[in-house]
Amino acid sequence: TAKRGASGDLAGRRVVVSAGGTREPLDPVRFLGNRSSGKQGVAIAAAAAARGAAVTLVAAHLEVAAPDGVSLVETGTALELEAAMTDAAASADIVVMAAAVADYRPDQVRDAKIKKDQQGETLELVLVKNPDVLAGLAAARRDGQVIVGFAAETEADRDALLAIGRDKIARKGADLLVINRVGWAQGFATDGNDVVVVNRSGDIVSEASGSKTSVADRILDAILALD
Ligand code: CTP
Ligand code: CA
């Protein structure tokens, strides 16, 4: 497997990574969000840059600082992230969708704050589906471009977890899918991670656990091993 370091095994490659979690506004003071910290995506961007790649980081509400030496594009909503990724992917060799993209957004963004005294004891929100950014990028894939997705799953059983991942990579049309187990205390906002990487055939091509930095390098190794 490739080793990180001066060899710069990603020199000359253009890598775009999305990281963080989108926020979907509800009114001027509220949003629907998720618990993604952006740490794993940021670690991938940093590792790719350290290995010589030209990196664009498409960020959504990172809880950690963006690394030095990458080109940063800040986004907020799923639709903004889609536009930024579509733009950056047009000239990328490797595309990694590590961001947690909201599956749905409020059907309308109110101009004024929602007031309790105008509601009853319950408040119903109507949400509309966001586009699947990863599937769109995979469908528009350029020749030789590698598209990598993530799957954060709460399934505890390993075989069931793999089955979900295999189904997901097939649906998305990605080349690799990084499956990680998440729960209330696992995966999100933590410094370590535990992942299984599957290819389009559903084969396990890599398994890694440890710091998000070391996991990032193993994911990049798996990408390079596709060539
Ligand atoms: N993803 C995306 N656009 C969306 C939703 C997800 O690009 N609207 C990407 C994520 O960045 C990730 C992959 O798709 O790389 C899998 O996301 P995940 O939430 O696990 O899958 P979903 O297809 O949204 O299915 P579900 O949440 O129902 O499991
Ligand atoms: Ca989802």
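Every number for a ligand or one of its atoms is a count from 1 in the order of the listing.
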Check your understanding: Any Lys/Arg nitrogen of Asp175 or Arg141 sitting under 4.0 Å from an Asp/Glu carboxylate oxygen of the other?
Key -> yes
Check your understanding: Without hydrogens or angle criteria, can the side chains of Glu124 and Thr122 be said to hold a donor-acceptor pair below 3.5 Å?
Key -> no
Review point. Leaving waters out, which protein N, O or S atoms fall under 3.0 Å from the Ca ion (ligand 2)?
Key: Asp103 OD1, Asp103 OD2
Tabulation required: pairs of a nitrogen or oxygen in ligand 1 and a protein nitrogen or oxygen under 3.5 Å; columns are atom names and distance to 0.1 Å; otherwise 'none'.
| residue | atom | partner | partner atom | Å |
| --- | --- | --- | --- | --- |
| ligand 1 | 3 (N) | Val133 | N | 3.0 |
| ligand 1 | 7 (O) | Val133 | N | 3.3 |
| ligand 1 | 7 (O) | Leu134 | N | 2.7 |
| ligand 1 | 8 (N) | Pro131 | O | 2.9 |
| ligand 1 | 11 (O) | Met97 | O | 3.4 |
| ligand 1 | 11 (O) | Ala99 | O | 2.7 |
| ligand 1 | 14 (O) | Lys172 | NZ | 3.0 |
| ligand 1 | 15 (O) | Met97 | O | 2.8 |
| ligand 1 | 15 (O) | Phe150 | N | 2.9 |
| ligand 1 | 15 (O) | Phe150 | O | 3.3 |
| ligand 1 | 20 (O) | Lys168 | NZ | 2.7 |
| ligand 1 | 21 (O) | Lys168 | NZ | 3.1 |
| ligand 1 | 23 (O) | Lys172 | NZ | 2.7 |
| ligand 1 | 24 (O) | Asp103 | OD1 | 3.0 |
| ligand 1 | 27 (O) | Asp103 | OD2 | 3.2 |
| ligand 1 | 29 (O) | Lys168 | NZ | 2.8 |

Exercise for review: Give a yes or no on whether the backbone of Lys39 and the side-chain of Glu63 come within a donor-acceptor separation of less than 3.5 Å.
Suggested key: no
Review point. Taking atom CG of Asp143 as the centre, does the number of heavy atoms from other residues, nucleotides or ligands within less than 6.0 Å exceed 12?
Key: no
Residues 155-162 side chain polar contacts: donor-acceptor under 3.5 Å, at least two apart:
| residue | atom | partner | partner atom | Å |
| --- | --- | --- | --- | --- |
| Glu155 | OE2 | Asp157 | N | 3.1 |
| Asp157 | OD2 | Asp159 | N | 3.4 |
| Asp157 | OD2 | Ala160 | N | 3.0 |
| Arg158 | NH1 | Glu207 | OE1 | 3.0 |
| Arg158 | NH2 | Glu207 | OE1 | 3.4 |
| Arg158 | NH2 | Glu207 | OE2 | 3.3 |

Exercise for review: Return the minimal non-hydrogen interatomic distance between Ile219 and Val178, and the atom names on each side.
Suggested key: CD1-CG1, 3.9 Å
Check your understanding: Taking only residues two or more places apart in sequence, or in another chain, which ones meet Asp87 in a side-chain hydrogen bond (donor to acceptor under 3.5 Å, both in side chains)?
Key -> none
Review point. Can we say Lys115 and Asp27 salt-bridge, meaning some charged N sits less than 4.0 Å from an Asp/Glu carboxylate O?
Key: no
Check your understanding: Salt bridge or not for Lys172 and Asp132, using N-O below 4.0 Å?
Key -> yes
